Amino acid sequence: MTAQHPDTPRADLPTQYRPADVEGPLYERWVERNYFTADPGSGKPPFSLVIPPPNVTGSLHLGHALEQSMMDSITRRARMRGHDVLWLPGMDHASIAVNNLVERYLAETEGKSRAEYTREEFIDKAWEWKRRYGGQILGQMRRLGDGVDWTRERFTMDDGLSRAVHTIFKRLYDDDLIYRAERIINWCPRDTTALSDIEVEHEEEPGELVSIRYGDGDNSIVVATTRAETMLGDTAVAVHPDDERYQHLIGVEVALPLTNRRIPVIADEHVDPSFGTGAVKVTPAHDPNDFEIGRRHDLPMPTIMDERAVITAPGPFQGLDRLEARTAIVAALREEGRIVAEKRPYQHAVGHCSRCDTIVEPRLSLQWFVRVESLAKAAGDAVRDGRVRLVPSSMDGRYFQWVDNLRDWCISRQQWWGHRIPVWYSPDGDDACFGPDETPPPGWTQDDDVLDTWFSSALWPFSTLGWPDDTADLRTYYPTTVLVTGYDILFFWVVRMMLFGLYAMDGEVPFQTVVLHGLVRDAAGKKMSKSRGNVIDPLLWMDEYGADAVRLSLLQGANPGADQAVNEEWVKGARNFCNKLWNATRFALLSGATVDGPLPEAGTGPDAWILSRLNAIIAEVDDLYERYEFAKIADTLYHFAWDEVCDWYIELAKLSLSGPSGDATRRVLGEVLDTLLRLLHPMIPFVTEALWTSLTGGESLVVADWPEAHAERDDPAATADIALIQDVVTEGRRFRSDQGVNPARSVPGAVSGAGPATEPAIRALLRLGEPGDGFAPTAELTTARGVTIAFDLSGTIDVGAERARLAKARAVAEKEQSVNAGKLANEAFTGKAPEAVVAKVRDRLAAAEAELARIDAALEALPSE
RNA sequence: GGGCGUUUAGCUCAGCGGGAGAGCACUCGGUUUACACCCGAGCGGUCACUGGUUCGAUCCCAGUAACGCCCACCA
């Protein structure tokens, strides 16, 4: 398919582009030739980025496809511009997700539960699962064309990365930035593990607000709660110290219903007297606020649920799930006449596990935390002082809001798959953190928990480069040039890379620019989700339309920071564009276009014009790439290729190919396509590579040079000529169309007022035949450019259609005339507006008046009906 | 409860102080030797609403409405 030698036949392309024929072989060739392998010793300026590591459990979705298309475009262009490019691929180990999948895998394959395995056995099985089912996305990335450096692929649980995790933990621990404490944390009863704050999603949903009378007679007080079941763990009722209603009760004990316990009424500033009854039940072990109150008042903190949120408090409710217990307890209270009020539904926010959607249970437990205050300050400052730039900068506010209000990060997870916390306990209960090269004393046992997956992800920009060792990769590629990721992951990942990158790398930022893209939504703008059933598999689209079409359609919608809708029609449109390019190149090959030899000194009008335009496009695309405006890059190149190169340049070139300047045009045609394919290659690498190697016989676009603008090729005169041709031809075509003339039919006609540089093209593109001996024009068109065309339409023209056309044009011109005349009559305008603006208005008025005169003359000249 | 964003052609979105744009959809016409995954022509918008600033507002400011997102330990 793709010629590698100049003597290979070059014009044997089929009339339609078939992506499946070229994509696989091209990708394999690129990888075999090591085009994507970075070389820190190359002497070229480095350009580096790391892939946001997808979960080892994941497969490619449209969000990945968008993100990776952006990164691939960035890296391919950088490579063409002469950089030593590192785009580092890899995956993260997805602690909780893999734990769950392996549990299911073991249930299915061996019929056993996790409890029937030792920790070591389970981890072995997890690796086995990873080998068999993990990493599907890597093959899918090849399909998409990602030019990643496979020789540097990393996994967050690799030996090297694990060592990095261990090392930084030890360092943070020694700096007192990691500590262990008993706190109320977010607990998922299904995954039976602690979660960090951001792994909890709050959703407004209907619940119930039940008001319960505690105590009896004078010593009674009503509390309201959405969580009646926690009353079993109540150890106080709190009121505001200044609340006059309850002064007499402060310090008094009231009977806790359904139990035989008595609990004190205490005064605490935290209570809002205006909410409900102004009295609050206090369950220190099951609510974060109550925990704080409990600490202040030294209250007992009984735990009444186990790790699966099943009631453990002795009594009739023991063994019930928390939600069953809620119903049962409310019923029992009602029976005792203690329910004062019930509001149902009661709308309130409930936290859910971001992993499995189970309602999160606040749980009192001993966990490990990162003390974030100093780290967060540094992370905020790095953006504040411009060392890290966010694109779009409108995301700055969101970043600061988060990083400036960060709370300590709970990093321990009660799981087996992951990095085990490197802290050991002596038989006497002492604890110590040992580094990767240290051996704990015999008899000591290691902490059971593993670290939050995001802990290792936070190290990704430097752990993947060999840190903590002083490697050539680390020296060359850190800080990375740019990070591309979704704004939805700013807090999860970007902020944490900032925390740890600045800490581990002595204040050096992990990346200089962060490009944030939006979410890919369905055609109706709805978020894709399994429950909605609107998830689209990009692989299916790649099969149907090719990888380039999927990439281009995503990039066409990629405005920085904004969500985008996708739709199969747009993929089809992108496929059509690839086919258009294919055929344009086919035409060039069939026409003998060449890339050899110097460009003609002074080409014909169209040749000079298109080179001039090419120049402007290069400059524009370069500018847009610096701003990561992918949608605009795609739009610019799409319209240049289709509207200018195909619709005008190629059509004009056809006129000169067989003439005296044919060789010059063949050279320019080759140059235009050569350059266009280079410019498009980062976005649509496959079709451009196939075409470019056929056209030029070159080795590969992957290692070809990025085009440069040549100011000396700007040619205003040629540009003006082509603009005239375009305007006159378009107007002439409109006239023909209005007159119902078959587009293919040649009509005898005479052109005046155009000049020798433009008249032949106008005649050809308007399909004007030679005016023969008996030439008798039946219609005359004077265009806005002052060029007049006399047509012999062989019969009467449609006067009604022509009158309608002119009337419409007249209305436009008249409005233009009156608007601009009005402005000029306004002294406030002429006095205050900048002279350039006023001059422009004068010009427009003059043009409108000329246009009116022309139209009126044309109307006058029309035969009466 | 705080904060942010969006509202422009039927749909998805650009534009953001001086002439309303694109893709798709739609209408009409086409066997124009690169391409029907095509070519040519066309239709389509009080730029959410109200007020303000300005010589001039889709664009700036204020307010309103609708939708969306993020953050949040008031039971």
Side-chain angles (χ1 to χ4, degrees), chain A residues 13 15-17 184 197-198 202 209 211 223-227 230 238 270-272 274-283 287-292 348-349 351 362 394-395 397-398 401-402 405 487-488 490-491 518-519 521 523-525 527 545 549 553 556-557 559 561-567 569-570 572-591 629 631-632 635 638-639 646-647 650-651 654 729-730 733-738 740-746 765 767 816 819-820 823 826-834 836-838 840-841 844:
Chain A
L13 305 176
T15 61
Q16 279 195 350
Y17 172 49
I184 292 267
D197 293 342
I198 49 174
H202 292 92
L209 184 67
S211 299
V223 299
T225 181
T226 55
R227 302 211 51 203
T230 62
H270 165 77
V271 179
D272 174 4
S274 65
F275 184 91
T277 59
V280 92
K281 63 192 270 307
V282 181
T283 322
D287 182 278
N289 292 315
D290 295 3
F291 175 72
E292 293 302 325
H348 67 137
S394 57
M395 290 288 174
R398 224 162 148 154
Q401 181 199 353
W402 176 261
N405 296 293
Y487 68 74
D488 57 323
L490 189 63
F491 308 139
L519 269 39
R521 297 169 175 273
K527 198 168 171 173
Y545 304 107
S553 66
Q556 282 177 310
N559 292 115
D563 290 351
Q564 62 182 292
V566 291
N567 173 324
E569 289 307 308
W570 303 329
K572 210 178 279 185
R575 184 273 315 263
N576 294 352
F577 176 75
C578 293
N579 191 240
K580 187 74 180 173
L581 261 192
W582 181 267
N583 276 291
T585 309
R586 246 185 97 229
F587 171 79
L589 289 167
L590 292 167
S591 309
E629 293 270 13
K632 292 185 178 64
D635 187 65
Y638 180 97
H639 287 289
C646 291
D647 287 352
I650 286 183
E651 294 309 313
K654 285 175 182 173
V729 167
T730 299
R733 283 169 173 166
R734 187 183 307 138
F735 180 81
R736 286 182 57 131
S737 179
D738 288 345
V741 178
N742 184 319
R745 185 181 139 204
S746 174
L765 294 180
R767 300 190 165 263
E816 178 80 356
V819 164
N820 288 293
K823 282 185 182 180
N826 181 353
E827 283 179 24
F829 171 73
T830 51
K832 293 194 180 184
V837 171
V838 177
K840 202 169 162 192
V841 170
R844 293 184 56 190

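Keep in mind it's a predicted model, so treat the numbers as computed, not measured. Labels below follow one simple rule: chain letters A, B, ... track the order of the sequence lines, proteins then strands, and each chain is numbered from 1. All values below were derived from every heavy atom in this structure, side-chain atoms included, with hydrogens, water molecules and symmetry-related copies excluded.
For the OP1/OP2 pair of B:rU12 and a distance below 4.0 Å, the side-chain nitrogens and oxygens of A:Asn567 include no atom meeting the criterion. Applying the 4.0 Å criterion to OP1 and OP2 of B:rG19, one finds that A:Arg844 has a side-chain N or O inside that range. Within the structure, every side-chain polar atom (N or O) of A:Lys572 is placed at least 4.0 Å from both OP1 and OP2 of B:rG23. In this model, the phosphate group of B:rU32 is not approached by any side-chain N or O of A:Lys654 to a distance below 4.0 Å at OP1 or OP2. For the OP1/OP2 pair of B:rC38 and a distance below 4.0 Å, the side-chain nitrogens and oxygens of A:Asn576 include at least one atom meeting the criterion.
Listed nucleotides B:rG18, B:rC71, B:rC70 differ in distance to A:Arg398; the shortest reach to its side chain belongs to B:rC70. Checked against B:rU32, B:rA41, B:rC38, the side chain of A:Lys580 finds its nearest nucleotide in B:rC38. If you check B:rC55, B:rC24, B:rA75 against the side chain of A:Tyr638, the one that comes closest is B:rC24. Of the candidates B:rC13, B:rA75, B:rA72, B:rA75 carries the atom nearest the A:Asp272 side chain, counting heavy atoms from C-beta on. Proximity note for A:Cys646 (side chain, C-beta onward) versus B:rA34, B:rU32, B:rC55: the nearest is B:rA34.
Taking atom CG on A:Asn742 and atom C1' on B:rC28, their separation rounds to 13 Å, with Å as the unit. The OH-P distance, from A:Tyr17 to B:rC38, rounds to 16 Å in whole Å. The separation between A:Leu765 atom CG and B:rC39 atom C1' is 12 Å, rounded to whole Å. In this structure, the CZ atom of A:Arg767 is 14 Å from the C1' atom of B:rG29, given to the nearest Å.
Both distances falling under 3.5 Å, in either a Watson-Crick or a G-U wobble arrangement, occur for no nucleotide opposite B:rA20.
Across all strands, A:Thr585 comes closer than 4.0 Å to no nucleic acid atom at all (heavy-atom distances). Within 4.0 Å of A:Asn820, counting heavy atoms only, lies no atom of the nucleic acid at all. The residue A:Pro362 sits apart from the nucleic acid: no heavy atom pair falls under 4.0 Å. Counting any heavy atom pair closer than 4.0 Å across all strands shown, A:Cys578 reaches no nucleic acid atom. Among the protein residues, A:Ile650 comes within range of the nucleic acid bases, having at least one heavy atom under 4.0 Å from a base atom. In this structure, A:Ala565 reaches the sugar-phosphate backbone alone: every heavy-atom distance under 4.0 Å involves primed, P, OP1 or OP2 atoms, never a base. Residue-level contact check: A:Arg575 touches the bases, meaning some heavy atom is under 4.0 Å from a base atom.
Taking atom C1' on both B:rC59 and B:rG17, the two are 6 Å apart, rounded to the nearest angstrom.
Not one N or O on the side chain of A:Ser737 forms a donor-acceptor pair closer than 3.5 Å with the backbone of A:Arg733. Using modelled atom types, one side-chain atom of A:Arg586 and one backbone atom of A:Leu13 make a donor-acceptor pair closer than 3.5 Å. Not a single donor-acceptor pair under 3.5 Å links the side chain of A:Asp635 to the backbone N or O of A:Ala631.
A donor and an acceptor atom never sit less than 3.5 Å apart when one is taken from the side chain of A:Gln556 and the other from the base of B:rA14.
Seen from the ring of A:Phe587, A:Lys654 counts as a face-on cation partner, given the 6.0 Å and 45° thresholds.
Nearest-nucleotide positions on RNA chain B for A:Thr225 and A:Gln16 put A:Gln16 closer to the 5' end. Heavy-atom nearest nucleotides on RNA chain B were determined for A:Arg734 and for A:Gln401, and the one closer to the 5' end corresponds to A:Gln401.
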